Amino acid sequence: MSIFIDNDTRLVVQGITGRDGSFHTGQMMEYGTQVVAGVTPGKGGQIFEGPNGETVPIFNAMDEAVAQTGANTSVVYVPPAFASDAILEAVDSGVSLVVAITEGVPVLDMARAHAFAGDRGVRILGPNCPGLLSPGKSKVGILPAQIVTEGPIGVVSRSGTLTYEAVFQLTSVGLGQTTCVGIGGDPLIGTNFIDCLEAFEADPETAAVVMIGEIGGTDEQEAAAYVQANMSKPVVGFIAGQTAPPGRQMGHAGAIISGSAGTAEEKMKAFQDNGIAVAQRPADIVGLIQDTLA
Amino acid sequence: MSIFIDNDTRLVVQGITGRDGSFHTGQMMEYGTQVVAGVTPGKGGQIFEGPNGETVPIFNAMDEAVAQTGANTSVVYVPPAFASDAILEAVDSGVSLVVAITEGVPVLDMARAHAFAGDRGVRILGPNCPGLLSPGKSKVGILPAQIVTEGPIGVVSRSGTLTYEAVFQLTSVGLGQTTCVGIGGDPLIGTNFIDCLEAFEADPETAAVVMIGEIGGTDEQEAAAYVQANMSKPVVGFIAGQTAPPGRQMGHAGAIISGSAGTAEEKMKAFQDNGIAVAQRPADIVGLIQDTLA
Amino acid sequence: MDIHEYQAKERFALAGIPVPPGRIATTADEAEAIANEYGCAVMVKAQVHSGGRGKAGGVKYCNDASEAREHASNILGMDINGLTVEKVLVTPAEDIETEAYVGVLIDRKNQAATFMVSPDGGMDIEEVAASTPDRIRKLSVDPRYGLLPHQALWLANFLYDDPALIKQASKVVAQLYDSFVNSGASMTEINPLITTPDGEVKAIDAKMTIDGNELFRRPDVAGMRDLAAEPASETKAREAGLSYVKLDGNVGCCVNGAGLAMATMDLVKYYGGEPANFLDIGGSSNPDKVVSALEIITSDPNVKAILFNIFGGITRCDDVANGIVEATKRIDIEPPIVIRLTGTNEDLGLQILEEAGFSAYTSMDDVVEKAVELAKG
Amino acid sequence: MDIHEYQAKERFALAGIPVPPGRIATTADEAEAIANEYGCAVMVKAQVHSGGRGKAGGVKYCNDASEAREHASNILGMDINGLTVEKVLVTPAEDIETEAYVGVLIDRKNQAATFMVSPDGGMDIEEVAASTPDRIRKLSVDPRYGLLPHQALWLANFLYDDPALIKQASKVVAQLYDSFVNSGASMTEINPLITTPDGEVKAIDAKMTIDGNELFRRPDVAGMRDLAAEPASETKAREAGLSYVKLDGNVGCCVNGAGLAMATMDLVKYYGGEPANFLDIGGSSNPDKVVSALEIITSDPNVKAILFNIFGGITRCDDVANGIVEATKRIDIEPPIVIRLTGTNEDLGLQILEEAGFSAYTSMDDVVEKAVELAKG
């Protein structure tokens with residue numbers, strides 16, 4: 001099992017003819033993801049050629065792509081100026097999951113998009129996220145396939161390369177993953193820690209969860225309370241940004257300490273207070289996970 | 001029993017200090033309606049004096065009025081320019097029924113207001129309606145109390161004085177009413193025939209229903225199909241506007257035949273096809289109702 | 001409130017919709033001069049608040065200015081569905097490759113502004129809807145979000161296959177929605193939306209109806225009302241705060257309430273007469289309103305009898321009776337007047353009326369029968 | 001992106017919010033001249049992207065122009081939380097009757113723009129929230145409806161009792177929301193919103209932070225960026241497409257990915273060092289980006305060692321290694337460089353680095369320990 005995506009995931013790529021879109025479509029197909037359609041307005045009728053010569057039909061609009069291919073998931077590589085429009089289109093098209101990779105989407109655009117998705121019961125992952133990967137089943141987004149392997153650990157993170165770091169270490173010691181989810185570094189994200197924890201808790205193949213947070217907001221604090229109240233599976237946590245100064249955005253739009261709120265210290269304390277083992281260094285994650293499984 | 005309002009109705013009057021608002025507040029209090037509050041921004045703290053010296057506190061805002069008086073219903077006498085704002089405020093305040101008397105509210109304002117009420121599960125009656133009256137229990141709006149009496153007939157109508165006509169005739173022969181509802185003459189109304197029919201069907205004291213429609217739209221046609229499919233109680237119908245020319249607005253903003261759609265003929269046929277006895281003249285309504293009850 | 005084609009095009013242009021240039025002429029000389037300036041083939045188009053202008057001969061293609069003069073001369077003063085043409089629009093004739101339809105109206109069921117588009121433009125959209133409903137695509141705009149870009153594209157995708165045309169059309173669709181909202185419209189349409197041989201998308205005809213309830217906050221749109229394009233009696237009624245629609249019969253009707261007014265007209269017909277008008281005087285007992293109503297009704301030379309049908313509800317019958325008596329004292333009325341008055345304080349009201357010499361009734365059927373009989377005279 | 005008080009007031013004024021007049025001076029002479037023109041008591045206010053200007057002595061009341069000159073002379077060039085004051089705002093001093101607080105920010109939990117208002121203005125709102133939370137009223141604005149009139153009134157009702165003030169304040173609240181949205185802001189506040197003895201409501205201080213993601217579509221707002229108000233290194237980083245934040249330590253960090261960059265800084269601290277910066281070079285192996293990164297890091301004289309921490313994911317390690325080698329050939333770098341490279345094609349990448357003479361590592365802990373040791377010299 002896995003969460004959010006699996007062997008039944010039928011993916012449509014929005015912005016398939018763009019630089020990032022075409023590159024990552026090839027990568028996803030290579031991994032075995034069922035990429036069933038692409039969408040680029042004005043390029044309907046063209047064909048995307050996969051790395052092994054497979055072809056993917058391109059449509060002008062999401063509704064056509066979904067109607068003609070039975071796609072159930074979309075991934076958005078559309079540039080920021082048009083990304084929220086593409087997300088709204090995807091939400092309206094009948095897919096149940098929209099993975100928004102694009103970085104730099106105006107936050108007020110996303111406020112509207114999240115409301116729109118909420119009205120329709122469609123899950124958005126991201127934006128500004130690396131997507132997700134269920135090893136051996138499906139990869140949607142930009143997570144590097146080489147670092148993952150099948151196994152019992154669920155990984156959820158606000159960060160990209162820091163996740164790779166953690167996953168790579170897990171894989172190195174033979175601890176595979178059910179699903180690795182990057183929820184994104186923006187202030188307003190569609191799927192948060194709690195959504196993922198809930199799904200991991202319900203997933204019979206997930207035995208333990210790694211949760212990687214960072215400064216800014218209170219998502220980790222709320223997730224910690226959720227873990228305490230609702231989870232039977234062990235959770236190991238890490239927080240990036242102990243040395244970040246207040247009031248400065250650390251790369252991610254959401255990684256900012258506002259006044260005295262959203263510090264790494266406060267998040268680590270929330271983890272500890274709620275029974276989550278806290279890794280001081282990324283290198284400690286593997287050991288803590290091994291402890292929980294011992 | 002009755003529908004929508006009864007002895008438990010606790011009413012707040014929005015625009016209580018205006019000409020219409022103050023006059024009709026007096027009329028409602030005279031009838032016995034529990035008017036528990038008034039709202040006029042900037043006049044909070046003042047007092048409205050009822051016809052028999054009773055006092056009603058005035059508040060600046062709906063939230064205060066509801067919090068301090070436990071009001072559950074509001075009636076809006078606010079001028080058209082501010083009416084939709086007042087309706088949104090009422091919907092947001094915790095009351096479950098908002099009766100919008102105001103005529104002349106822009107239709108796009110109401111599109112938004114109806115969506116807002118839909119999001120919150122609050123019923124709007126109107127706008128541009130005479131309100132409703134449950135004889136012996138409560139009167140909300142401008143229906144003349146003198147013409148009603150308690151009894152087993154439910155009355156629902158798009159019109160004002162035409163309803164009085166019908167109700168007066170019923171009362172004259174001793175056929176009292178459970179509730180008389182004027183749903184309003186605007187194109188976009190919050191409560192339609194079907195909502196009222198459903199409520200009358202569920203109301204144990206209602207034995208038969210009079211439904212008074214007019215040209216424009218397809219509400220009557222849909223109501224007719226609803227009656228056929230869902231109602232056990234007899235319904236007598238009347239449609240005004242057989243002689244109305246197409247494309248001209250007959251007083252009510254909603255009373256207009258568009259192209260060939262929304263004619264009286266088509267509505268009367270829909271009534272007949274769905275087992276609703278159709279009165280050719282207002283004077284025939286009483287006889288048809290007596291037949292159904294015989 | 002209806003506005004003319006040229007005014008609707010002004011609203012469209014404000015929103016950025018491509019419309020051909022055009023100017024208004026009220027004489028054949030002006031039309032010729034405008035056509036001369038354009039120096040190309042032009043269309044001369046009657047500006048009246050009526051559909052079917054083309055069928056009535058109110059829209060003509062003119063090869064040159066002298067033809068424009070000739071056609072304008074014929075069209076100006078022409079009667080189209082009872083309306084006299086006072087103005088023509090002179091506009092360069094366009095090369096037309098395809099004709100599509102794009103319209104927006106308020107949909108009662110979805111409680112929202114709703115688009116209807118069809119690749120089959122240039123014809124009556126109701127006919128298209130009836131005969132080939134699959135040639136129409138509809139979309140209701142959620143008022144909470146407005147028209148979203150992918151929705152505009154979805155509508156445009158239904159009209160064209162060429163990406164360049166789709167792009168232009170989706171822009172026009174979005175602009176039309178803006179124009180609809182910013183004009184306070186209840187209906188607007190582009191029919192046809194054309195494509196030209198060189199791949200341009202343009203609105204060459206335009207219709208718009210304004211929601212009268214919007215006018216108080218849109219003085220620019222309110223200023224577009226063309227008093228010359230409506231009967232003087234309707235102008236007067238509006239200014240007096242009355243709802244009035246002129247009809248062809250001879251029984252003048254004066255009623256309180258729109259539904260009761262329609263039912264009264266219907267009953268006139270039921271008893272073999274023909275109503276001369278719809279008129280709702282509202283709930284007031286104010287003699288001024290009654291005076292205005294009587295002036296409007298009697299300005300129609302067809303009227304042979306005047307029928308009041310008043311239901312006294314919140315307003316008491318004696319007040320209403322006094323208002324009527326007072327008003328009829330102020331003006332001379334030739335046709336006979338019969339009055340039905342019922343409701344609160346009915347007896348008192350009837351007494352006042354009878355003392356003033358009116359035929360007063362309490363039954364709607366009786367008074368209507370009497371009025372029909374008097375009108376047949 | 002932060003903008004200055006005077007710029008935020010310009011945005012406010014565009015939305016109709018009442019703000020006092022004011023002009024910018026960059027010299028004491030200018031400040032004196034402006035004060036002379038106003039001919040009344042003025043405030044001289046440091047324009048820097050930092051809170052606590054008042055406590056730092058950057059905001060002064062001046063009875064006359066000569067006092068304005070004197071205070072401006074002191075404030076210009078002053079250091080406030082590490083930032084040099086280059087500009088002062090000279091603005092007529094207002095008579096203050098009451099001070100309230102009105103702010104809007106993006107609330108993550110409600111996923112919406114959220115108002116916070118308090119009748120206790122003029123102080124840090126975080127302190128008010130902590131000490132007297134009942135003195136704050138909050139409202140999240142549903143993005144589907146925008147701020148509704150009754151909501152603006154509800155917020156204003158919390159600030160004042162006088163209907164005239166409530167009316168003005170509810171207008172200001174609505175205007176502030178418009179300004180927030182139309183500026184593409186992520187935070188804005190009026191602190192204090194004052195009332196004057198003659199019953200006027202005015203914004204006498206203003207803060208606004210712009211969502212950087214909005215700038216592409218708001219050239220007017222983007223043009224408000226004050227390059228003089230940020231370190232040159234940050235300007236350069238932004239122009240090169242890098243995320244960079246200068247810190248006070250001596251270990252220069254160059255990392256791909258924001259989360260990993262923060263974790264690297266934390267690990268520097270963990271091993272007893274101090275990071276000199278946050279720097280995310282993104283996923284690119286482009287030597288130009290690496291060159292820019294190295295130029296920025298080495299422009300900081302505190303830097304004693306440079307640490308690369310690169311995780312090759314989609315980008316292959318050999319490509320990244322080649323990029324680093326190529327970049328370091330182009331410029332002279334004094335501090336020692338240590339590089340951690342891991343992930344896809346790691347062995348190949350390490351080989352390329354070692355052949356080019358770099359200390360190459362695969363473990364993040366090892367490279368950080370080494371860098372800290374080198375920085376300690």
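Reminder, nothing fancy here: chain letters follow the sequence lines and each chain counts from 1. None of these values were measured; they are calculated from a predicted model.
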Is Ala115(B) close to chain D through its backbone or its side chain, or both, or neither, when contacts mean heavy atoms under 4.5 Å?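 Contact with chain D involves both backbone and side-chain atoms of Ala115(B).
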Portion of Phe82(B) that has a non-hydrogen atom of chain D nearer than 4.5 angstrom: neither
Show me the donor-acceptor pairs under 3.5 Å between chain D and chain B.
from, atom 1, to, atom 2, distance (Å)
Arg144(D), NH1, Asp119(B), OD2, 3.4
Arg144(D), NH2, Asp119(B), OD2, 3.2
Tyr145(D), O, Arg112(B), NH1, 3.2
Tyr145(D), OH, Ala115(B), O, 3.3
Tyr145(D), OH, Phe116(B), N, 3.2
Tyr145(D), OH, Asp119(B), OD2, 2.6
His150(D), NE2, Asp92(B), OD2, 2.8
Trp154(D), NE1, Asp63(B), OD2, 2.9

For Pro163(D) against Gly42(B), the heavy-atom pair lying closest together: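 Pro163(D) and Gly42(B) have their closest heavy atoms at CG-O, 3.6 Å.
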